[in-house]
Amino acid sequence: MLLGKTVEKLKSEKLVIGYELGDKMSQISYCYLNSNEPETLSVTAGTEQFNIPTVLCKRLEVGQWFYGKEALRYAGEEEGTLLTDLVELAKKGGNVEVEDNEYDAVALLTLFVKRSLTLLSLVAGMESVTAIMFTCDNLDHRMIEVLTQVAAGLGLKNRKVFFQSGRESFYYYMLNQPQELWNHEVLLCDYREKYLKIHRLECNKKTTPVVVYIETEEYPSFLFESFPQEEDARKQAMEEKDRRFLEILSECCKERVISSVYLIGDGFREEWMQDSLRFLCKSRRVFRGNNLYSKGACFGMKDRLEQNDTAGSYVFLGEDKLKANIGMKVLRRGIDSYFALLDAGQNWFDCKKECSFILESDNYFEMRVTPLNGRDAKVVEIFLDGLPERPERTTCIHMDIFLKDEDTVVLLLEDKGFGEIFPASGKKWREEFKI
């Protein structure tokens, strides 16, 4: 009876979801708002099998769909049509043909996400979910469009939905670890799919707030592949892989101070690391697992809802981040001041603001761009051609500002006149400039 009450209590508490959507595998982590540590859903109760194969299977001649491991089982028994590469199909758009019928590719990906979220039923109902953070490896413009459509198709109503890259999930994961693990640089060795990738996290402590960068090196020749079954050939292949990995690590760590190393992915499961692991463990903390990204997505979502003191002292400048502060020089109560519009560190696709201001004189105003990478600030002059001539400070301009990619700022401007004295002309302008 007590256990039942405890479960019911848990199901009523609010939680956030960190959903890693991968080309081959996906994961779901969750965290209650009153808890500091996310948990990851297992596809098999009582195990740490966190990976959900990103696949669907349509049962032959029946309108019944399965996802994940169950989809693989039905396909293996030749009882259905297996659909793989759901993320890539959705990014390409259009329809997918299955048994002479066509299905929208984004709708299929939405179906997979919706079905996989049913795993939550053991810990909470969907009504307990207050926000979801989707994370994926490559968060380009098209992927954002796809995720937006998927989120709309899930019928999440008033729940908050955000997106962040895998690198940003790595950043948020480390931000919530003990300080000694990231006093210096951190390596994340990702060996989950086709080949090895190594992300290196570094902090520039000379800036305020501290700027965090993540650089990525890919190793396409270090393939994810099975070892031979024959004992001697297997031993030789393991030793060769160990040797090559040691070479890569030696180069990555050369003349650098590395606080900790994370090894994630099924590529590290078999015991082939001998010399390379000894090298790593000499003066560093080393961790092995495979749910870092989905947990990092949970931490990122919690930070958006309730920013902690540590997060406020750092700013992450990834590929999909605005890398400069953007604002205007304005006159407030007769005093020159700076009016902030967009802050560095935001996802470029989240950068939006609108405001109205009165032109002091003439037909132009200035935008100020202050990069966080050490470059000098610059001033961008915006001229409004065709603006009606009026006395000083009698022209109100409404401005919408946003980014169309990580480097391009767009301004949508409209002449609002000055009340009944100087009616609006209806003139509109679109201006763009590079950061």
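Please read all numbers here as calculations on a predicted model, not as lab measurements.
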**Study point:** Lys205 to Tyr314, cation-pi by 6.0 Å centre distance and 45° axis angle
**Key:** no

Check your understanding: Under a 4.5 Å cut-off applied to non-hydrogen side-chain atoms, are Val161 and Leu156 in contact?
Key -> yes

Exercise for review: Using a strict cut-off of less than 4.0 Å between a Lys/Arg side-chain nitrogen and an Asp/Glu carboxylate oxygen, indicate whether Glu99 and Lys58 qualify as a salt bridge.
Suggested key: yes

Exercise for review: Start with the C-alpha gap between Glu366 and Lys329, add the side-chain angles, then the distance that decides, and say whether salt bridge (Lys or Arg N to Asp or Glu O under 4.0 Å) holds.
Suggested key: CA-CA 7 Å; Glu366 295 177 347; Lys329 181 181 176 182; 5.9 Å; no

Review point. Are any non-hydrogen side-chain atoms of Tyr213 and Leu201 less than 4.5 angstrom apart?
Key: no

Check your understanding: Relative to Phe339, does Arg332 satisfy both conditions: NZ or CZ under 6.0 angstrom from the six-membered ring centre, and within 45 degrees of the ring's axis?
Key -> no

Check your understanding: Taking atom CG of Leu280 and atom SG of Cys253, what is their separation to the nearest 0.5 Å?
Key -> 6.5 Å

Point to revise | Trace of the ring pair (Phe, Tyr, Trp, His ring centres under 6.0 Å) decision for Phe365 with Phe357 | key: CA-CA 10 Å; Phe365 62 95; Phe357 56 92; 4.9 Å; yes

Practice item. Run the numbers on Met399 and Glu354 for side chain to side chain contact (heavy atoms under 4.5 Å, CB included), then give the verdict. Key: CA-CA 5 Å; Met399 177 171 70; Glu354 61 178 302; over 6 Å; no

Check your understanding: Within the distance-only criterion (no hydrogens, no angle test), does the side chain of Trp348 pair as donor or acceptor with the backbone N or O of Leu322 below 3.5 angstrom?
Key -> no

Point to revise | Any donor-acceptor N/O pair, Lys302 side chain to Ser35 backbone, under 3.5 Å | key: yes

Check your understanding: What do you reckon, are the aromatic ring centroids of Phe66 and Tyr74 less than 6.0 Å apart?
Key -> yes

Practice item. Show your reasoning for whether side chain to side chain contact (heavy atoms under 4.5 Å, CB included) applies to Ile198 and Leu188. Key: CA-CA 6 Å; Ile198 297 182; Leu188 170 59; over 6 Å; no

Exercise for review: Kindly say whether Tyr67 contributes a backbone atom to a donor-acceptor pair with the side chain of Arg115 at under 3.5 angstrom?
Suggested key: no

Point to revise | Closest non-hydrogen atom pair between Leu108 and Leu56, with its separation | key: O-CD1, 3.2 Å

Check your understanding: Can a donor-acceptor pair be found between the side chains of Thr130 and Arg159 at a distance below 3.5 Å?
Key -> no

**Study point:** Note, Leu181 side chain near Phe287 side chain (heavy atom, < 4.5 Å)
**Key:** yes

Review point. Any chance the side chains of Ser276 and Asp242 put a donor and an acceptor closer than 3.5 Å?
Key: yes

Review point. Is the backbone of Tyr172 close enough, under 3.5 Å, to the side chain of Asn176 for a donor and an acceptor to pair up by distance?
Key: yes

Check your understanding: Could you walk me through whether Tyr195 and Tyr219 pass the ring pair (Phe, Tyr, Trp, His ring centres under 6.0 Å) check?
Key -> CA-CA 6 Å; Tyr195 52 81; Tyr219 301 88; 8.9 Å; no

Exercise for review: Write down the atom of Phe112, the atom of Ser26, and the distance for their closest heavy-atom approach.
Suggested key: CE2-OG, 3.7 Å

Check your understanding: Can you find a pair of side-chain heavy atoms, one from Leu341 and one from Met328, that are under 4.5 Å apart?
Key -> yes

Practice item. Please report the C-alpha distance between Asp350 and Arg304 in whole Å, then the side-chain angles of each, then the deciding distance to 0.1 Å, and finally whether the salt bridge (Lys or Arg N to Asp or Glu O under 4.0 Å) criterion is met. Key: CA-CA 12 Å; Asp350 288 334; Arg304 285 182 183 256; 3.4 Å; yes

Check your understanding: Got Ile17 and Cys298 here, is their nearest side-chain heavy-atom distance under 4.5 Å?
Key -> no

Point to revise | Nearest atoms (heavy-atom pairs only) where Val257 meets His184 | key: O-CB, 3.2 Å

Review point. In this structure, which one of Ser169, Ser165, Ser29 forms a side chain to side chain donor-acceptor pair (under 3.5 Å) with Thr135?
Key: Ser169

Exercise for review: Flag the pair Leu342 / Lys353 as yes when at least one side-chain heavy-atom distance between them is below 4.5 Å, and no otherwise.
Suggested key: yes

Practice item. May I have the step-by-step check of side chain to side chain contact (heavy atoms under 4.5 Å, CB included) for Tyr103 and Asn95, ending in yes or no? Key: CA-CA 5 Å; Tyr103 299 89; Asn95 294 328; over 6 Å; no

Review point. Regarding Thr207 and Asn204, is there a side-chain donor-to-acceptor distance under 3.5 Å anywhere?
Key: no

Revision key, fill the gap. Rounded to the nearest 0.5 angstrom, the CD-CG distance for Glu306 and Leu33 is 6.0 Å

Exercise for review: Take Lys295 and Glu39 through the salt bridge (Lys or Arg N to Asp or Glu O under 4.0 Å) test and state the conclusion after the steps.
Suggested key: CA-CA 7 Å; Lys295 281 192 170 185; Glu39 301 289 340; 5.8 Å; no

Exercise for review: Could you check if a side-chain atom of Asn290 sits within less than 4.5 angstrom of a side-chain atom of Gln27, using non-hydrogen atoms only?
Suggested key: yes

**Study point:** Lys323 and Asp407: CA distance, side-chain angles, deciding distance, salt bridge (Lys or Arg N to Asp or Glu O under 4.0 Å) verdict
**Key:** CA-CA 8 Å; Lys323 298 175 179 61; Asp407 296 317; 5.6 Å; no

Check your understanding: Donor-acceptor pair, Asp85 side chain versus Glu88 backbone, under 3.5 Å?
Key -> no

**Study point:** Gln236 side chain to Ala233 backbone, donor-acceptor under 3.5 Å
**Key:** no

Check your understanding: Under the criterion ring-ring contact (aromatic ring centres under 6.0 Å, His included), which of Tyr191, Phe279, Phe268 is the partner of Phe245?
Key -> Phe268

Exercise for review: Look only at the side chain of Arg244 and the backbone of Ser221, and say whether a donor-acceptor pair between them is shorter than 3.5 Å.
Suggested key: yes

Check your understanding: Would Glu432 and Arg430 pass as an ion pair if we require N to O under 4.0 Å?
Key -> yes

Practice item. Run the salt-bridge test on Arg192 and Glu20 with the 4.0 Å N-O cut-off and return the result as yes or no. Key: yes

Exercise for review: Anything under 30° is parallel, anything over 60° is perpendicular, the rest tilted; go ahead and classify Phe163 against Phe349.
Suggested key: tilted

Study note, to complete from the structure: Closest non-hydrogen atoms of Met174 and Trp182, given as atom of the first, atom of the second and distance, are O-NE1, 2.9 Å

**Study point:** Arg234 (side chain) donor-acceptor with Pro228 (main chain) under 3.5 angstrom
**Key:** yes

Exercise for review: With Ile397 as reference, evaluate Ile358, Leu411, Leu359 under the side-chain contact (heavy atoms from CB on, under 4.5 Å) test and give the passing residue.
Suggested key: Leu359

Review point. What closest approach, in Å, do Thr54 and Asp23 show between heavy atoms, and which atom pair accounts for it?
Key: CB-O, 3.9 Å

Study note, to complete from the structure: Nearest heavy-atom contact between Val146 and Val106 is O-CG1, 4.4 Å

Exercise for review: Without swapping roles, check the side chain of Ser128 against the backbone of Ala124 for a donor-acceptor pair under 3.5 Å.
Suggested key: no

Check your understanding: Would you find a donor on one side and an acceptor on the other, under 3.5 Å apart, between the side chain of Glu77 and the backbone of Glu79?
Key -> no

Exercise for review: In sequence, state the C-alpha distance, the side-chain angles, and the governing distance for Val186 and Phe170, and then conclude on side chain to side chain contact (heavy atoms under 4.5 Å, CB included).
Suggested key: CA-CA 10 Å; Val186 182; Phe170 174 32; 3.9 Å; yes

Point to revise | Any side-chain heavy-atom pair of Met367 and Ile382 under 4.5 Å | key: yes

